[in-house]
2 protein chains.
Amino acid sequence: MSRGGRSIAPAPDPPSPAPERHDAAGHEPLLSIGAAAAQAGVTERALRYYQELGLLAPSAHTKGGMRRYSQKDLERVARIRELQALLGLNLDEIAVILRNDDRTAEIRLAYFDDRTGDVERKRLLRESLTLATEMRATVETKRQALDSFLHDLDARIDRLRHLLDEE
Amino acid sequence: MSRGGRSIAPAPDPPSPAPERHDAAGHEPLLSIGAAAAQAGVTERALRYYQELGLLAPSAHTKGGMRRYSQKDLERVARIRELQALLGLNLDEIAVILRNDDRTAEIRLAYFDDRTGDVERKRLLRESLTLATEMRATVETKRQALDSFLHDLDARIDRLRHLLDEE
DNA sequence: CAAAAATCTTCCGTTAACGTTAAAGTCGGG
DNA sequence: CCCGACTTTAACGTTAACGGAAGATTTTTG
């Protein structure tokens with residue numbers, strides 16, 4: 001079914017602007033690099049380094065050229081740390097994932113934009129799906145490994161407890 | 001209850017020598033560093049490095065001073081890699097864990113040796129138990145994180161599939 | 001508006017976990 | 001016992017992910 005002129009299918013969550021904490025003038029509060037680093041639990045150097053690698057660009061800059069971070073930026077930092085700690089990925093691998101996330105977000109936006117062609121839309125969705133599925137596989141593998149590791153540990157703990165109780 | 005002169009409690013698996021693949025003369029086959037590295041899926045350098053850090057000493061040496069690795073040695077290598085990949089521990093942290101494993105193994109051997117003092121034995125067991133329990137906690141935490149990560153991924157995949165099916 | 005505090009860019013330093021190469025010694029088959 | 005393949009130690013090199021300091025600039029604060 002074509003999607004050029006308004007689909008009939010129940011539209012999946014239109015991309016709403018998301019509720020924000022505006023200030024009086026209506027802008028979201030932006031953080032300096034110091035505050036952002038503190039909030040995110042990383043160093044300023046790390047933030048600059050992520051930017052250098054193209055993982056994270058601050059949402060805004062002052063006239064003088066100082067970085068200003070938004071809440072979304074902080075979430076992105078959290079994501080980076082999670083991927084580092086949880087999956088042991090390096091920053092280059094993480095960059096790939098984040099770029100794909102960004103693409104998917106773009107797709108979601110473009111999804112409601114009639115200028116986006118059906119074919120292109122479909123191609124992008126398939127691409128995202130493939131990537132997500134691949135990632136799922138590696139995560140699942142790791143989870144299984146962790147699980148059996150946990151069971152071994154439990155067995156070991158039981159044995160130790162047993163030896164102690166027998167004294 | 002004292003353990004100086006033979007315990008009454010049902011003895012937990014006496015430390016049996018474990019079934020080995022002996023050769024004709026009764027020795028287990030030992031591998032050269034090249035073969036060991038190949039089997040373990042690591043480089044020779046890595047094996048030498050682990051030894052340098054005190055993580056892994058080859059079970060034997062030739063007269064000339066060349067390293068000979070046993071199957072247990074290879075298992076130890078596997079353990080090292082597992083702790084690295086799964087938990088993201090560094091080699092120093094792994095060294096601590098392995099040393100504790102070794103101590104625990106010694107205790108199991110000494111279990112039937114009356115020369116080992118009760119107090120000392122108990123202290124060592126408690127120590128191992130503490131370490132294992134701490135480790136369990138961190139592993140559990142990590143597993144939970146991985147799990148929720150996996151669920152997020154699944155949700156994302158579902159959404160993508162949905163968008164595709166609607167075309 | 002002036003001083004203090006925070007940031008900017010640039011560049012060199014650091015640590016972990018090996019990689020690589022060189023020179024010398026050891027092993028195993030013929 | 002000889003030679004080619006494999007190992008040894010020692011030493012220097014490499015990469016990732018920042019750490020830290022310098023000197024200039026910007027922002028904030030009294």
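So you know, we letter chains A, B, ... as the sequences are listed, proteins then strands, and number each from 1.
Note: the hydrophobic cluster containing Val42(A) also contains Leu55(A) (ILVMFWY, side chain heavy atoms under 4.5 Å, direct or indirect links).
Leu55(A) has its CG atom 13 Å from the C1' atom of dA16(D), to the nearest Å. The NE2-P distance, from His61(A) to dT9(C), rounds to 7 Å in whole Å. When rounded to the nearest whole Å, the span between CD1 of Ile80(B) and P of dA16(C) equals 17 Å. Following rounding to the nearest Å, Leu91(A) (CG) and dA17(D) (C1') show an atom-to-atom distance of 7 Å. Put simply, CD1 on Ile33(A) is 15 Å from C1' on dT27(D), counting in whole angstrom units.
Closest to the Arg45(B) side chain, of the nucleotides dC18(D), dC18(C), dG19(D), is dC18(C).
In this structure, the side chains of Glu93(A) and Leu87(A) stay at 4.5 Å or more apart for every pair of heavy atoms.
Of the side-chain N and O atoms in Thr43(A), none sit less than 4.0 angstrom from OP1 or OP2 of dC18(D). In this model, the phosphate group of dT7(D) is approached by a side-chain N or O of Ser32(B) to a distance below 4.0 Å at OP1 or OP2.
Taken from CZ in Arg136(B) to OG1 in Thr141(B), the straight-line distance is 9.5 Å, to the nearest 0.5 Å. Going from atom CG of Asn100(B) over to atom OG1 of Thr104(B) covers 4.5 Å, rounded to the nearest 0.5 Å. One finds the CG atom of Asp73(B) at 12.0 Å from the CD atom of Gln39(B) (value rounded to the nearest 0.5 Å). Atom CZ in Arg67(B) sits 9.5 Å away from atom CD in Glu44(B) (nearest 0.5 Å). Separation of atoms CG (Leu129(A)) and CG (Leu124(A)) is listed at 12.5 Å; rounding is to 0.5 Å. A distance of 12.0 Å separates CG of Leu153(B) from CD of Glu134(A), quoted to the nearest 0.5 Å.
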Report the C-alpha distance between Arg48(A) and Glu52(A) in whole Å, list the side-chain angles of each, state the deciding distance to 0.1 Å, and finish with yes or no for salt bridge (Lys or Arg N to Asp or Glu O under 4.0 Å).
CA-CA 6 Å; Arg48(A) 295 198 188 96; Glu52(A) 210 179 309; over 6 Å; no
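Shown for residues 46-54 of chain B: residues whose heavy atoms fall under 4.0 angstrom of DNA chain C, namely Ala46(B), Tyr49(B), Tyr50(B).
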Which atoms of nucleotides 25-28 of chain C (N or O only) lie under 3.5 Å from a protein N or O atom, and what are those distances?
unit_1  : atom_1 : unit_2   : atom_2 : d
dC27(C) : OP1    : Thr62(B) : OG1    : 2.9
dC27(C) : OP1    : Gly64(B) : N      : 2.9

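The residue Gln84(A) sits close only to the backbone: its heavy atoms come under 4.0 Å of sugar-phosphate atoms, none of a base.
Both Arg67(B) and Asp92(A) lie close to DNA chain D; mapped to their nearest nucleotides by heavy-atom distance, the more 5′-ward contact belongs to Arg67(B).
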